[in-house]
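Structure first, then comments.
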Amino acid sequence: MKTIVSGIQPTGELNIGTYLGSIRNFVALQKSHPDHHFFLFIADTHALTVPQDPVQLRKAIKSLAAMYVACGINLEQTSLFVQSEITAHQEMDVLLQSFAYMGELERMTQYKDKAQKQTEGIRASLFTYPVLMAGDILLYDAEYVPVGDDQKQHLELTRTIAERVNHQVGDFFTVPKPLIPELTARVMSLQNPDQKMSKSDPNVKSKILLTDSEAIIKKRIRSAVTDSDGIIEYNPASKKGLSNLIQIYAALEETTPEQVVETFKEANYQTFKEALGEIIATHLAPIQARYERLMNSNELTEILDRGKADAETLAIKKVQRFKKKLGLGFKR
Ligand code: AQP
């Protein structure tokens, strides 16, 4: 069975960055890869790498599951589950710790960035996060992993770990390839176009949540930081803020930034921003309606139970086979 794996941390409400960088890519891949099975998980164990409020975390897990389904994943083709409910993920993490080197983990830019922001102690799990992530992917022998640009380095490490294991024990893991969207690999913050749009950014103006109302969406886009020259031009190096908005527009309309510039070349920023706000709101409206319905029904329990059962069977077998390859245990 050919597989594709993806996960998102329930570390806050989803925004259009995660949507355009990951979820939408995932949904598109389901259409273009009908012969693949998709393992899609809520990475709740990863969320513990930074402090979490347990009540909020529980809520975020449910909300993320509902949003995944609302965004249009094909449930016939997908096992949707919560990572911590399949303990094989933790087991694989422990086993793979012995195949990752300190120097490799020290080089991870996400670790360095997030460690810098910590006000309390830096958790060991933040440091070893990429190993858990490698386990998440290798457990299901993923051929592809759809990710945003920020996860590329972690995926490179997953490939290194897989190759290291394969070298030691013989061909055992599929070495996964990243699938990074061309246009929306890194959707930037609306307030600071040098930073990516992030779930955990406390500045609400920096992002558009998938649950935001039309009025809020328009307000956020209106207040997005651009520049003062007033010329609609696509140049991610010199006009970062505006180019970010053009990319979002192009991605949602399935067109190119050049085409967007052509359409708005006579317009001012305000007109362009109004049109973008309208497009985002229109795109999110049906997703929001499905999300509300799912949050108020029992459907998710059945979906997550089924996803867990399917994924767990494979995951347990893979861990058991790996332990055997490594010479662990006595009877099996
Ligand atoms: N701004 C973004 N642009 C493009 N892709 C993005 N992704 C996240 N933000 C953007 C992609 O979404 C997937 C899920 O990310 P994650 O939840 O595992 O963690 P993250 O990359 O650390 O995302 P956040 O929003 O920044 O979360 P916090 O704030 O908790 O760290 C990944 O494929 C990611 O690339």
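In this text, all values refer to a predicted model and were calculated from it rather than measured experimentally. Atoms within a ligand are numbered from 1 in the order they appear, just like the ligands themselves.
- Under 4.0 angstrom from ligand 1, the non-hydrogen atoms of K114 all belong to its side chain.
- Atom-to-atom distance recorded for T256:OG1 and Y234:OH is 9.5 Å, nearest 0.5 angstrom.
- In this structure, atom 4 (C) of ligand 1 lies nearest to the protein heavy atom A185 O, 3.3 Å.
- G17 O, 3.6 Å is the protein heavy atom nearest to atom 6 (C) of ligand 1.
- Side-chain atoms of T263 and Y249 form no donor-acceptor pair, as typed in the model, at a separation below 3.5 Å.
- Protein heavy atom closest to atom 29 (O) of ligand 1, with residue, atom name and distance, is S200 OG, 2.4 Å.
- In summary, the atoms of ligand 1 found under 4.0 Å from a heavy atom of M197, numbered by their order in the structure, are 1 (N), 2 (C), 9 (N).
- If you number the atoms of ligand 1 from 1 as listed, the ones under 4.0 Å from a heavy atom of S22 come out as 12 (O), 13 (C), 33 (O).
- T49 OG1 to Y111 OH: the interatomic distance, rounded to the nearest 0.5 Å, is 11.5 Å.
- Scanning the protein heavy atoms around atom 33 (O) of ligand 1, the nearest turns out to be G148 N, 3.2 Å.
- When only non-hydrogen protein atoms are considered, atom 21 (O) of ligand 1 lies nearest to D150 OD2, 2.4 Å.
- The shortest N or O to N or O distance between I8 and ligand 1 is not under 3.5 Å.
- Counting the atoms of ligand 1 from 1 in the order shown, those under 4.0 Å from a heavy atom of T11 are 27 (O), 28 (P), 30 (O).
- Proximity of A47 to ligand 1, defined as any heavy-atom pair under 4.0 Å, is not found for any part of the residue.
- Remark: the backbone N or O of T45 is paired with a side-chain donor or acceptor of Q83 at under 3.5 angstrom.
- Looking only at atom types and distance, the side chain of D136 has a donor-acceptor partner in the side chain of H46 under 3.5 Å away.
- Assignment of H46 to the shell around ligand 1 is not supported, since no heavy atom sits closer than 4.0 Å.
- Comparing Q110, R24, Q9, K199 against atom 27 (O) of ligand 1, the shortest heavy-atom distance belongs to K199.
- Ring geometry for F99 against F322 counts as tilted: the plane angle lies between 30° and 60°, on a 0 to 90° scale.
- Residue I280 is tested with I217, L210, D212 for a side-chain contact (heavy atoms from CB on, under 4.5 Å); the sole match is I217.
- Annotation: cation-pi pair R306/F81 absent, no NZ/CZ under 6.0 Å from the ring centroid and within 45° of its normal.
- Q247 places no side-chain N or O within donor-acceptor distance of the main-chain N or O of V187, the cut-off being under 3.5 Å.
- An N or O contact shorter than 3.5 Å is missing between D201 and ligand 1 by distance.
- Not a single heavy atom of G12 sits under 4.0 Å from any atom of ligand 1.
- If you check which protein heavy atom lies closest to atom 3 (N) of ligand 1, you get V187 N, 2.8 Å.
- Every atom of ligand 1 is numbered from 1 in the order shown, and the set under 4.0 Å from a heavy atom of S198 is 24 (P), 25 (O), 26 (O), 29 (O).
- Between H89 and F41, the ring-plane angle classifies as tilted under the 30° and 60° cut-offs.
- Taking a cut-off of under 4.0 Å to the non-hydrogen atoms of G21, the atoms of ligand 1 that pass are 4 (C), 5 (N).
- Among all non-hydrogen protein atoms, the one lying nearest atom 8 (C) of ligand 1 is K196 NZ, 3.6 Å.
- In terms of protein heavy-atom proximity, atom 32 (C) of ligand 1 is closest to Q151 CG, 3.8 Å.
- Checked against a 6.0 Å centroid threshold, the rings of F26 and H33 do not count as neighbours.
- How far OG1 of T158 is from CZ of F173: 10.5 Å, rounded to the nearest 0.5 Å.
- For a threshold of 3.5 Å applied to N or O pairs, the pair formed by T184 and ligand 1 contains no separation below that value.
- Under the 3.5 Å distance criterion, the side-chain polar atoms of T78 are matched with a main-chain donor or acceptor of N74.
- Taking any N or O of D149, backbone or side chain, none lies under 3.5 Å from an N or O belonging to ligand 1.
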